[in-house]
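Side chains included, hydrogens not; waters and symmetry mates left out as well; all remaining heavy atoms used.
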Amino acid sequence: MSQTDRQPAAAPTGDGVPAHRYTPALAQQIELDWQDRWETQGTFHTPNPTGRLSEGFEKVADRPKFFAMDMFPYPSGAGLHVGHPLGYLGTDVTSRFRRMDGDNVLHPMGYDAFGLPAEQYAVQTGQHPRITTEANIAAIKAQLRRLGVDHDQRRTFATIDPGYYKWTQWIFLQIFGSWFDERAGKARPIAELVAELDAGTREPAEGTNPSGRPWAELTEVEKRAVVDAHRLAYLHEAPVNWCPGLGTVLSNEEVTPDGRSERGNFPVFRRPLKQWMMRITAYADRLLADLDRLDWSDSLKLMQRNWIGRSTGARIRFAAGDQQIEVFTTRPDTLFGATYVVLAPEHPLVGSLTAAVWPDGTDPRWTGGAATPAEAVRDYQRQASRRSELDRQDAGREKTGVWLGVNAVNPVNGRELPVFIADYVLTGYGTGAIMAVPGEDTRDWEFARKFGLEIVPTVERPEGFDDESGAYTGAGTMINSANDEISLDGLDKATAIARITDWLVARGAGEATTTYKLRDWLFSRQRYWGEPFPIVYDEDDRPIAVPTSMLPVLLPEVDDYSPKTFADDDADSSPEPPLSRATDWTTVELDLGDGPKKYRRETNTMPNWAGSCWYYLRYLDPGDDTQMVDPELERYWMGPREPGDTGGVDLYVGGVEHAVLHLLYARFWHKVLFDLGHVSSEEPFRRLVNQGYISAYAYTDSRGFYVPAADVVEKDGQFLYEGEPVNREYGKIGKSLKNMVTPDEMIGAYGADTFRVYEMSTGPLEQSRPWETKAVVGSQRLLQRICRVVVDEETGAVRATDAEPAEETLRALHKAIDGVRDGYATLRFNIAIARITELTNHLTQAFGASAPVPRSVAEPLVLMVAPLAPHLAEELWSRLGHQESSAWAPFPVADERWLVEDTVQVAVQVNGKVRSQVTVPADADAAALEAAARADEKIAGYLDGATIRRVVAVPGRLVNFVLG
């Protein structure tokens, strides 16, 4: 990259500004020029060890690899605001530093492009969501290019590209074609399960064979149903958030706490629908255990552990007529205190347990005002279906419920316990049923008090505890817990749990078990803009995988992108996805091995999570149409470094808002791919860093509505919008608070390098920080001073000389190199900038505005700046006569001898108070310290005529004269 024949760029003259000063106008010229050069010359093309992208690998074959990436963006029409680049610039600075420091660096970017916003825009306008999405992608690409990020553009893709979602569909088929072998603790191909069932070496798993007949006696359709029930991707009638007003199922995150849709504010109902599910719960223990092997923050690991929610306890069976109600509890020791049973309103036993009439003497509080139990249950289920799970779990909400008109039997004492349904019990945790112990559980206590139910304490209370004030949830020995066969009285909690569990097992009334809060992943969406399922249904309505040779299954063109909507309160309606109306597409004739037949396609689409579950693998070669990923490339970029290492991406940066769902889903998919032998790494992301948020002032009017922050003016200490006073608050930058500041604005005013330096200077990457536009000028001035060190502002001449620098300058240089290197390596870019600033200030003071600066100092300064302000660094590096890009120049290494101080300043105290400081050789002993202190003029005045009782001299630290 020869640059020595280029003419120096110059800023527009006028107003006394030197012709070659680094101004925003000059910055724009330099940046656009270098961005074109990088693109033309493929400066950031990363060679693979093999395959079509391997050109040039021989030049980097002896380098360690480093794979850094960001959580890729969703391409919304608003583009990026200044909060988004915080992570993108953090990985860019890191990748540039690691490349200069000797690594073969892969730093790619893609786009998570299936999603609801584009589809909703299509519903409103009739424009295909692909058009909107691709326009948004182009806009964000332009913004990232203008920021100067070093992405390898050959590896860019979007999840909506058919060549990409072909492999998303392929991965779905791998999951659909697998089952989790609990004996082996891993996924295995479903064909191996069938072979073992046929051979009689394995029986169907519990609950998968409703007929109960031996495998060999089942019909082919029954066998297929059994096999399908084992699959990791399976169809299941599950409770979902059904929104008739939108005509679609919503995720929990799309439902407000008061049970309405986040978009449109429509009522949302919990009701069972047949949906595709992913059996992520099979991997719960591995997802938990492997967190300990990852370089993630403790807080993020805790979030995942809490979401998975592993609990050990016991399953206990309560007889209710000819039915058995099974509950899970972590406190089987309190079983003697169970005074009623509660089922979730959606529990499958509710219908069969509900009595025909209310028994005589029924407490009116238990009936919900209904004439019959059936009416009470129906009304209550409808009421509960309108509440979100978040709302139902709100500890402060008043407890509600109705009795089913039946009782269950407590196995330890034969006591009859009324069976209620109540919405504070959820189907997704445990068994969807609880034994209520109001003496030791706050929610149960509140319910019992409202409905007049008995409260039996089973844990000894401390002196002074008032049972009328609430449940006792503290520690204590067991009381009121004995029958003719067993007594827990006087035992501690752990001993009591073990003893009662053994007793229940011996009598067939329960067993020790483990359960999780984690639920299987609901994988269906009644939307158009998503990946089609590679599934068809035969005449028996059983799902069949589309052969790999027929992938991708493409989205058809449709006239209407919206699902059928219903009346807001039509909770009994059923989804009719947009694809269901594409009749020419939904029915297809295929030859799947037994001749041409007609099949029905799946009309739901995958959630947008699907494409983001595995995109890191596709970066390795997005143009490979023969396989998801070349195993050799996966081993090189992601394989384990040593035994016990999980492997994975070396640095993954993204927002903490994705700490649970995206990361759990991606980890789950990756583990399935690992089990099936498609990848060598056990985890997708070896190291994960959550960047902080950027906040700015936001303003609300008298109605509480946010107004555009950019249009607010301050006058006489008051903030005004269109002449009316507004309230100021502080919040995360974004569209919702109308306080967005775009990188485009900052680049237009200062240049990309100034924006980059300012954003990186405001704190360590993980730290949230405020945005202050006025402070950006400080970064602009720093870059001006750096430029002035290398280039004369008046003439444009390079100031570098071959003269040897003075020792003081060498010491300042190597101290800076050491600090900058540490700042980059630890993602504390603000520290690196501080050390660069110190060195720049030293050079400015030492050499002024025009004196020659030693090349051996100027060049390291430029290279230290290169990861942060790459355009300016390239310009200065080329001016210094270098033909190769600074992006590939070796990063400076500090000389240890210049990091050792020759002298140190030592505090001198008199009676413990600092009175002066002396400069002494760094290796001065106690005697030398004392002599230097006595020679100090100030100290001599204190000592004159005084009695010195003792002298404490600590080399390198202090001297203290103790006077009598």
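- A salt bridge links K671 with E683: the distance from a Lys NZ or Arg NE/NH1/NH2 to an Asp or Glu carboxylate oxygen falls below 4.0 Å.
- With a 4.5 Å cut-off on side-chain heavy atoms, R499 and I486 count as touching.
- Counting non-hydrogen atoms of other residues, nucleotides and ligands closer than 6.0 Å to NZ of K166 gives a total above 12.
- The CZ atom of R667 sits 6.5 Å away from atom CG of D290, with the distance rounded to the nearest 0.5 Å.
- Neither side chain, N209 nor W215, offers a donor N or O lying under 3.5 Å from an acceptor on the other.
- Panel note: side chain Y528, backbone P556; a donor-acceptor pair is recorded below 3.5 Å.
- Residue F318 holds its CZ atom at 15.5 Å from CD of Q323, rounded to the nearest 0.5 Å.
- A donor atom on one side chain and an acceptor atom on the other are not found under 3.5 Å apart for T362 and D360.
- Remark: side-chain polar atoms of D675 are paired, donor with acceptor, to backbone N or O of A187 under 3.5 angstrom.
- Shown here are the ring-ring contact (aromatic ring centres under 6.0 Å, His included) partners of F180, two or more places apart in sequence or in another chain: Y283.
- A centroid separation of less than 6.0 Å is found between the aromatic rings of F420 and F447.
- Residues passing the ring-ring contact (aromatic ring centres under 6.0 Å, His included) test with W585: none are found, sequence neighbours excluded.
- Counting only distance, with no hydrogens or angles, the side chain of R279 and the backbone of R231 share a donor-acceptor pair below 3.5 Å.
- Under the 3.5 Å distance criterion, the side-chain polar atoms of W403 are left unmatched by any main-chain donor or acceptor of A376.
- Side-chain contact between V553 and R601 is present, with at least one heavy-atom pair separated by less than 4.5 Å.
- Considering every non-hydrogen atom in both L343 and V350, the closest pair reads CD1-CG2, 4.1 Å.
- Between L193 and R202, the closest side-chain pair of non-hydrogen atoms falls below 4.5 Å.
- Aromatic pair W276/F172: centroids less than 6.0 angstrom apart.
- For the pair R387 (side chain) and D391 (backbone), a donor-acceptor distance under 3.5 Å is absent.
- Side chain to side chain, N407 and Y340 fail the donor-acceptor criterion of an N or O pair below 3.5 Å.
- Within the 3.5 Å criterion, the main-chain N or O of T339 finds no donor-acceptor partner in the side chain of N410.
- Residue E531 comes nearest to Y165 through the heavy atom pair CG-CB, 3.7 Å, listed as atom of the first residue, atom of the second, then distance.
- Across all non-hydrogen atoms, the minimal contact from L554 to P532 is C-CG, 4.0 Å.
- Summarising the geometry of F328 relative to T312, their closest heavy-atom pair is CZ-C, 4.0 Å, with the distance given to 0.1 Å.
- Counting heavy atoms from C-beta on, the side chains of Y516 and D285 come closer than 4.5 Å.
- Residues T168 and W614 have side chains that bring a donor and an acceptor to within less than 3.5 angstrom of each other.
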Distance-only criterion, 3.5 Å: show the donor-acceptor pairs between side-chain atoms of residues 571-580 and protein atoms not counting sequence neighbours.
from, atom 1, to, atom 2, distance (Å)
S573, OG, W242, NE1, 3.0
S573, OG, D570, O, 2.6
S580, OG, P577, O, 2.6

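- With no hydrogens or angles considered, no side-chain donor-acceptor pair links Y599 and E589 at under 3.5 Å.
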| For K564 and F566, what are the C-alpha separation, side-chain angles and deciding distance, and is it a side-chain contact (heavy atoms from CB on, under 4.5 Å)? | CA-CA 7 Å; K564 182 178 178 180; F566 302 88; 3.9 Å; yes

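- Within a 6.0 Å sphere centred on CG of D484, heavy atoms belonging to other residues, nucleotides or ligands number 12 at most.
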| request: Starting from the C-alpha separation in whole Å, work towards a yes-or-no answer on side-chain contact (heavy atoms from CB on, under 4.5 Å) for R600 and T587. | output: CA-CA 5 Å; R600 173 178 60 86; T587 301; 5.6 Å; no

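- Smallest separation of non-hydrogen atoms from V327 and A433: CB-O, 3.6 Å.
- Remark: N604 CG to I535 CD1 distance equals 12.0 Å, nearest 0.5 Å.
- Of the possible donor and acceptor atoms, none in the side chain of H236 sits under 3.5 Å from a partner among the backbone N and O of Q275.
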| So Q304 and L287, side-chain contact (heavy atoms from CB on, under 4.5 Å) or not? Walk me through it. | CA-CA 9 Å; Q304 291 223 343; L287 290 169; 5.8 Å; no

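- Geometric assessment of R443 against the ring of Y424 yields a negative cation-pi assignment under the 6.0 Å and 45° thresholds.
- No salt bridge links R315 with E511; every basic N to acidic carboxylate O contact stays at or beyond 4.0 Å.
- Contact check for E196 versus R188: side-chain heavy atoms found under the 4.5 Å cut-off.
- Residues satisfying the side-chain contact (heavy atoms from CB on, under 4.5 Å) criterion with P210, sequence neighbours excluded, are absent altogether.
- Each of R392, R270, R386 was evaluated against D423; a single residue qualifies, R392, per the side-chain contact (heavy atoms from CB on, under 4.5 Å) test.
- At least one donor-acceptor pair closer than 3.5 Å links the side chain of R317 to the backbone N or O of G508.
- Shown here is E182, whose CD atom has no more than 12 heavy atoms of other residues, nucleotides or ligands within 6.0 Å.
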| field | side-chain contact (heavy atoms from CB on, under 4.5 Å) between S481 and D333, worked out | value | CA-CA 8 Å; S481 299; D333 54 312; over 6 Å; no

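- Without hydrogens or angle criteria, D444 side chain to V437 main chain gives a donor-acceptor distance under 3.5 Å.
- Taking a 6.0 Å sphere around NZ of K517, one finds it holds 12 or fewer heavy atoms contributed by other residues, nucleotides or ligands.
- The closest side-chain heavy-atom distance from V226 to R224 is not below 4.5 Å.
- Under the side-chain contact (heavy atoms from CB on, under 4.5 Å) criterion, V425 pairs with V342, A344, I434, sequence neighbours left out.
- Residues H678 and W170 bring their aromatic ring centres within 6.0 Å.
- Between atom CG of residue N241 and atom OG of residue S385 there is a gap of 10.5 Å, rounded to the nearest 0.5 Å.
- For A355, the side-chain contact (heavy atoms from CB on, under 4.5 Å) partners are P373, V406, not counting sequence neighbours.
- Salt-bridge check for R213 with E222: passed, with a basic side-chain N closer than 4.0 Å to an acidic carboxylate O.
- Contact check for N483 versus N413: no side-chain heavy atoms found under the 4.5 Å cut-off.
- Atom CZ of residue F266 and atom OG of residue S261 lie 6.0 Å apart, to the nearest 0.5 angstrom.
- Under the 3.5 Å distance criterion, with hydrogens and angles disregarded, a donor-acceptor pair is assigned to the side chains of Y380 and T400.
- Using a 4.5 Å cut-off on side-chain heavy atoms (C-beta onward), F523 and M277 make no contact.
- A pairwise comparison of heavy atoms in G247 and T565 identifies N-CG2, 4.0 Å as the closest pair.
- Ring centroids of F451 and W366 are separated by 6.0 Å or more, keeping the two rings apart.
- Here the straight-line distance linking atom OG of S178 with atom CG of L173 works out to 10.0 Å at 0.5 Å rounding.
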